[in-house]
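Report on the following structure.
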Amino acid sequence: MEKTTLYLECYSGISGDMTVAALLDLGATEENLRKTLAQLPLTGYEVRIGRTQKSGLDACDFDVILEGDAHAEELGGHSHVHSHEHGTYIHTHEHRTWRDIEQMLDKADLKPRVLELSKQMFQIIADAEGKVHGRPAEAVHFHEVGAVDSIVDIVAAAVCLDNLDITEVIVPFLCEGKGTVRCQHGILPVPVPAVTNIIEAHSIPVKITEVSGELVTPTGAAIVA
């Protein structure tokens with residue numbers, strides 16, 4: 001059986017939206033992606049897909065824009081369960097547990113492989129966050145803002161991987177920044193604890209760069225894992 005291999009060079013780190021944008025540029029279709037995301041019982045967001053210039057090069061841009069938020073543009077480009085980059089903008093006390101999200105995914109009419117990949121990625125994040133907070137994975141609470149962003153990013157990545165019929169993924173190593181990042185829990189070191197736990201649990205090679213700040217998000221690390 002012929003394999004379709006995806007090779008990821010993550011010199012600039014990896015996040016959910018970065019991955020989805022790259023996969024769309026590789027040929028995954030926007031129509032299929034939007035059709036699948038519409039099957040999720042989620043509201044309060046929109047997906048924006050367009051073109052952007054990065055270092056003078058044309059590239060796809062994928063954003064999850066959260067509705068009713070004055071900082072939607074800042075929130076849309078990141079994929080964090082606990083919204084590390086934008087924790088100060090969280091404006092709701094609603095939470096979802098991993099079990100709530102799992103049930104949501106089960107109720108959506110997703111293709112079997114998309115469902116399997118989505119649940120695997122979220123389980124990886126739940127395990128990592130559970131270790132951070134000292135509680136079972138199924139009891140981890142995802143803040144509503146971060147949860148919507150992450151659910152869309154993760155399902156979108158799974159949809160695109162399935163759409164391209166990717167059977168093998170090669171990631172030689174991840175590049176991460178250094179320093180600290182401010183989040184709702186205070187100031188955390190980079191890599192943030194959830195990313196560190198994913199890297200450790202799945203033996204992912206990492207190179208720490210001279211970049212000040214976070215390059216690898218928990219969602220990005222979970223996609224690699």
Side-chain angles (χ1 to χ4, degrees), residues 3-37 45-66 69 71-81 83-86 89 114 117-118 121 146 148-179 181 190-192 195 198-199 204-225:
K3 289 185 176 180
T4 302
T5 301
L6 174 67
Y7 186 87
L8 292 176
E9 288 188 337
C10 302
Y11 292 116
S12 298
I14 185 170
S15 65
D17 57 330
M18 289 166 65
T19 304
V20 175
L23 294 174
L24 286 168
D25 252 349
L26 281 174
T29 69
E30 178 178 346
E31 180 183 6
N32 179 63
L33 177 57
R34 289 189 181 279
K35 181 179 178 181
T36 305
L37 290 178
Y45 80 95
E46 66 171 299
V47 166
R48 185 175 298 168
I49 300 171
R51 309 301 300 178
T52 187
Q53 291 279 324
K54 298 291 184 180
S55 299
L57 301 177
D58 178 69
C60 179
D61 189 46
F62 174 85
D63 278 326
V64 179
I65 308 299
L66 304 175
D69 196 315
H71 303 279
E73 292 295 336
E74 297 169 51
L75 294 176
H78 303 289
S79 42
H80 273 58
V81 170
S83 304
H84 295 122
E85 296 104 327
H86 44 70
Y89 300 137
V114 172
L117 283 171
S118 298
M121 288 186 274
V148 171
D149 199 16
S150 294
I151 291 168
V152 175
D153 277 343
I154 285 174
V155 173
V159 170
C160 291
L161 287 168
D162 177 71
N163 191 191
L164 293 172
D165 197 25
I166 302 296
T167 53
E168 179 183 47
V169 180
I170 297 174
V171 186
F173 55 84
L174 297 181
C175 287
E176 174 63 294
K178 63 179 183 178
V181 61
V190 175
V192 296
V195 169
I198 293 173
I199 287 169
I204 301 171
V206 178
K207 293 186 177 183
I208 302 301
T209 70
E210 292 302 310
V211 176
S212 179
E214 183 180 38
L215 299 181
V216 179
T217 70
T219 302
I223 291 170
V224 171

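Nearest approach of Val190 to Gly213, heavy atoms of both residues: CG1-O, 3.6 Å. Across all non-hydrogen atoms, the minimal contact from Ala222 to Ile198 is N-CD1, 4.1 Å. For the pair Val195 and Thr217, the tightest heavy-atom approach, listed with the atom from each and the gap, is CG2-C, 3.6 Å. Gly177 approaches Ile208 most closely through the heavy-atom pair O-CG2, 3.7 Å. Annotation for Thr219 and Gly16: closest pair CG2-CA, 3.9 Å, computed over non-hydrogen atoms. A pairwise comparison of heavy atoms in Leu24 and Ala28 identifies CD2-O, 3.4 Å as the closest pair.
Between atom CD1 of residue Ile170 and atom CG of residue Leu8 there is a gap of 9.5 Å, rounded to the nearest 0.5 Å. In this structure, OG in Ser12 is found 6.0 Å from CE in Met18, a value given to the nearest 0.5 Å. The CE atom of Met121 sits 6.0 Å away from the CD1 atom of Ile154 when rounded to the nearest 0.5 Å. Within the model, atoms OG1 of Thr36 and CG of Asn163 stand 8.0 Å from one another, a figure rounded to the nearest 0.5 Å. Separating the CG atom in Leu66 from the CD atom in Glu46 is a distance of 9.5 Å, to the nearest 0.5 Å. Interatomic distance, CD1 of Ile14 versus SG of Cys175, reported as 11.5 Å (0.5 Å rounding).
Using a 4.5 Å heavy-atom cutoff, the side chains of Leu6 and Leu164 are not in contact. A 4.5 Å side-chain heavy-atom check between Val216 and Val224 finds every atom pair outside the cut-off. The shortest side-chain heavy-atom distance between Leu23 and Leu26 falls under the 4.5 Å cut-off. With a 4.5 Å cut-off on side-chain heavy atoms, Val159 and Leu37 do not count as touching. At least one side-chain heavy atom of Phe62 sits under 4.5 Å from a side-chain heavy atom of Asp153. Counting only heavy atoms from C-beta outward, the side chains of Val64 and Asp17 never approach each other to under 4.5 Å. Using a 4.5 Å heavy-atom cutoff, the side chains of Val20 and Leu33 are in contact.
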| Audit row: Ile204, Val171, side chain to side chain contact (heavy atoms under 4.5 Å, CB included) steps and yes/no | CA-CA 9 Å; Ile204 301 171; Val171 186; 5.7 Å; no
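With hydrogens and angles disregarded, no donor-acceptor distance shorter than 3.5 Å links the side chain of Asp165 to the backbone of Thr4. Looking at Glu176, its side chain does come within 3.5 Å of a backbone N or O of Leu215 through a donor-acceptor pair. At distances below 3.5 Å, at least one donor-acceptor pair connects side-chain atoms of Asp25 with backbone N or O atoms of Cys60.
In the displayed structure, Gln53 atom CD is contacted under 6.0 Å by more than 12 heavy atoms of other residues, nucleotides or ligands.
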